[in-house]
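What follows is a single structure, written as structure tokens, with notes after it.
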Amino acid sequence: MRLSRYFLPVLKENPSEAQIVSHRLMLRAGMIRQQAAGIYSWLPLGYKVLKRIEQIVHEEQVRAGHIPLLMPTLQPADLWRESGRYDAYGAEMLRIKDRHERDMLYGPTNEEMITDIFRSHVGSYKDLPLTLYHIQWKFRDEVRPRFGVMRGREFLMKDGYNFDIDKPSALHAYNRHMVSYLRTYERMGLTAIPMRADSGPIGGDDTHEFLVLAQTGESEVFYDDRVTQLKLGDRQVDYDNWDEVAGVCKEFTTLYARTDETHDEAKFAEIPEEHRKVGRGIEVGQIFFFGTKYSEPMGAVVVNDKGERVPVQMGSHGIGVSRLLGAIIEASHDDKGIIWPEGVTPFHAGIVNLKQGDGAADAACDALYKALVGAGLDPLYDDRNERAGAKFATMDLIGLPWRITVGPRGLEKGVVELTSRRTGESEELAPEAAVARLVEIYAAHR
RNA sequence: CGGGGCGUGGCGCAGUCUGGUAGCGCGACGGUUUUGGGUACCGUAGGUCGUAGGUUCGAAUCCUAUCGCCCCGACCA
């Protein structure tokens with residue numbers, strides 16, 4: 001994309017409504033525009049990152065054997081009356097009447113609807129196990145939305161639901177989700193720690209939240225800091241191997257890590273002092289096992305291999321897709337702007353032409369741009385007729401992890417400059433070599 | 001929902017106390033200049049001062065109502 005043809009309304013000054021860094025930077029980088037409290041338009045740059053994050057979530061869900069579908073945002077109230085949550089949910093649920101005076105609601109989550117789909121089409125243990133998920137907009141009418149997309153009223157969420165014939169199988173589904181979530185967050189450049197959590201209004205016996213450590217987190221967290229060193233890395237986990245999956249979960253959940261809701265001071269005190277940490281975290285996902293909480297009242301029954309009718313065992317699993325943008329920025333920025341991890345960056349690299357209108361510089365940038373596109377990368381070429389400083393400031397603000405600087409001075413020596421946004425380190429190299437380096441870097445993030 | 005604050009060009013703000021018909025910086029646009037970290041200068045456009053009602057010769061300014069947004073708390077992905 002050429003910046004002169006793009007829509008990137010960056011702001012030089014901080015909008016007064018934004019208090020925390022991710023909100024400020026998203027507004028300044030022209031990623032979002034607030035339309036009402038907790039409701040945002042996603043401008044091109046923000047939309048691009050949102051889509052990249054969504055894509056990673058999809059890929060990792062499919063890899064774990066989960067099946068995508070799409071349920072509507074508006075739901076009939078009757079389904080929620082069946083589960084008893086229509087009255088239980090409270091004012092956070094946005095209730096609407098259609099023209100026939102029927103009670104509708106903008107879904108805050110989809111347990112009832114997925115259970116309805118399941119019960120009308122699945123009746124036998126032979127169809128299990130089954131995990132269905134979707135990525136859809138939700139609405140929770142928060143009393144006080146804040147922190148930009150981190151605590152919006154409308155938000156994009158991946159929610160998945162597993163259906164299993166018995167508890168051991170359902171617990172494997174729980175574990176499988178945990179591993180797939182760990183992979184998902186790692187690909188986004190995040191360290192998200194699974195922490196035992198309270199079940200909240202969704203209900204259930206077993207639940208973990210995934211928290212990204214950040215000063216601005218909404219939850220206080222207590223942990224052994226060795227958990228932050230745990231990585232899945234290149235490990236290929238066989239999602240059908242119950243023991244292997246359970247083993248990974250054990251590895252990631254054995255060290256103490258809890259939110260204030262489940263904090264146990266005695267156990268915390270057993271951690272060696274140099275590893276005992278208290279901090280704050282942003283919740284970016286949660287997994288629940290809840291057994292027959294919905295299947296029983298809603299009659300989601302399957303016949304098992306003995307011919308008995310039993311309520312199906314369920315769990316639900318969520319990733320806050322839109323809030324992840326905020327969480328990533330909170331975890332990855334400096335005083336100049338955002339620093340996107342390679343896995344989610346809106347553009348792979350920025351090209352800065354230091355002297356727009358200079359024949360050699362223009363030609364070199366054009367060639368570089370074509371070469372990057374030809375190599376399957378997605379560059380942003382700042383071809384505006386601006387001073388170098390303005391171009392650098394824009395690039396730093398929007399946080400592309402790599403920048404190629406092209407100017408007459410370097411071109412005389414046959415080199416361009418490749419700069420890491422994260423470290424600020426630059427190296428001079430031939431344009432073809434810069435392309436090759438970027439190809440290599442991004443090959444590691446596929 | 002309790003407490004606090006704010007609504008004035010795209011963004012940040014002054015003007016409100018002490019009514020006299022709207023201003024500054026940034027940005028945008030046009031030009032000159034400049035060109036390796038938000039260049040300098042000149043010029044132009046853009047605002048029924050959140051909305052409605054009231055007081056007044058006259059309201060951004062005073063009064064009433066209302067809407068919206070932000071912050072702290074309680075709540076939450």
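Here is the naming used below: chain letters follow the sequence lines, and residue numbers restart at 1 for every chain. The shown structure was predicted, so the numbers you read here are calculated from the model rather than taken from an experiment.
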Carboxylate-amine/guanidinium contact A:E111 A:R85, below 4.0 Å: yes

Gap in Å between the two C1' atoms, one belonging to B:rG19 and one to B:rC76, rounded: 47 Å

Of the listed nucleotides B:rU35, B:rC26, B:rC76, the one nearest the side chain of A:E13: B:rC26

Any A:Q313 side-chain heavy atom under 4.5 Å of A:F289 side chain: yes

Output field: ring centroids A:Y6/A:F347 closer than 6.0 Å: yes

Lys/Arg-Asp/Glu bridge criterion (N-O < 4.0 Å) met for A:K48, A:D378: yes

Whole-Å distance separating the CD atom of A:E386 from the P atom of B:rA40: 13 Å

Rounded C1' spacing from B:rG4 to B:rU51 in Å: 23 Å

Atom-pair distance (CG on A:D382; P on B:rG36), nearest Å: 15 Å

Minimum side-chain heavy-atom gap A:I96-A:L74 below 4.5 Å: yes

Opposite nucleotide pairing with B:rC17, Watson-Crick or G-U, both atom distances under 3.5 Å: none

Interface with RNA chain B, restricted to residues 388-397 of chain A and to heavy atoms under 4.0 Å: A:A388, A:G389, A:A390, A:F392, A:A393, A:T394, A:D396

Near-strand residues of residues 400-428 of chain A, defined as heavy-atom separation under 4.0 angstrom from RNA chain B: A:R403, A:T405, A:G407, A:R409, A:G410, A:E417

Between C1' of B:rG36 and CG of A:D358, the distance in whole Å: 13 Å

Same-atom distance (C1') from B:rC41 to B:rG47, integer angstrom: 27 Å

Rounded distance in Å between the P positions of B:rC49 and B:rU61: 9 Å

Pair partner, B:rU48 [Watson-Crick or wobble, under 3.5 Å]: none

Salt-bridge present (A:E60, A:R63; N to O < 4.0 Å): yes

P gap between B:rU66 and B:rG23, integer Å: 34 Å

Between A:S169 and A:D164, a side-chain donor and acceptor under 3.5 Å: yes

Between C1' of B:rC76 and CZ of A:R280, the distance in whole Å: 14 Å

Nucleotide forming a Watson-Crick or wobble pair with B:rG30, both distances under 3.5 Å: B:rC42

Parallel, tilted or perpendicular: ring planes of A:F222 versus A:F268, cut at 30 and 60 degrees: perpendicular

Pairwise C1' distance, B:rU21 and B:rU48 [rounded to whole Å]: 12 Å

Base partner of B:rA60, which must satisfy Watson-Crick or wobble distances under 3.5 Å: none

Heavy atoms from other residues, nucleotides or ligands near NZ of A:K231 exceed 12 (cutoff 6.0 Å): yes

Side chain to side chain donor-acceptor pair (under 3.5 Å) partners of residues 212-230 of chain A, not counting sequence neighbours, each pair once: A:T216-A:E330, A:E218-A:R323, A:D224-A:R226, A:D225-A:H275, A:D225-A:K277

Side-chain donor-acceptor pair present, A:S83, A:E112, cut-off under 3.5 Å: yes

Atom pair distance, as rounded to whole Å: NZ in A:K355 and C1' in B:rU33: 13 Å

Same-atom distance (C1') from B:rU16 to B:rC62, integer angstrom: 10 Å

Residues that A:E296 engages under salt bridge (charged side-chain N to carboxylate O under 4.0 Å, His left out), provided they are two or more places apart: none

Verdict with supporting geometry, A:H208 and A:Y181, side-chain hydrogen bond (donor to acceptor under 3.5 Å, both in side chains): CA-CA 11 Å; A:H208 280 84; A:Y181 278 26; over 6 Å; no

Sub-4.0 Å heavy-atom contacts from residues 43-75 of chain A onto RNA chain B, ordered by number: none

Distance-only side-chain donor-acceptor flag, A:T292 / A:S295, under 3.5 Å: no

Whether A:R258 side chain and A:A197 backbone form a donor-acceptor pair below 3.5 Å: no

Nucleotide-resolved protein contact map, nucleotides 68-74 of chain B, B/S/- at heavy-atom distance under 4.0 Å: -SSBBBB

Position toward the 5' end of RNA chain B (nearest nucleotide), A:R33 or A:S322: A:R33

N/O (side chain, A:K12) to phosphate O (OP1/OP2, B:rG27) under 4.0 Å: yes

Base paired to B:rG7 (Watson-Crick or G-U; both N/O distances under 3.5 angstrom): B:rC67

d(CD, A:E154; C1', B:rC76) in whole Å: 17 Å

d(CG, A:N385; P, B:rA28) in whole Å: 12 Å

Phosphate-side-chain proximity, A:R387 and B:rU35, N/O vs OP1/OP2 below 4.0 Å: no

Candidate pair A:Y161 and A:H317, rule ring-ring contact (aromatic ring centres under 6.0 Å, His included), full reasoning: CA-CA 6 Å; A:Y161 306 89; A:H317 318 276; 7.8 Å; no

Pairwise C1' distance for B:rC24 and B:rG15, with rounding to whole Å: 11 Å

Sugar-phosphate, base or nothing in reach of A:R28, heavy atoms under 4.0 Å: base

Protein-nucleotide distance (A:F7, atom CZ; B:rG10, atom P), rounded to Å: 14 Å

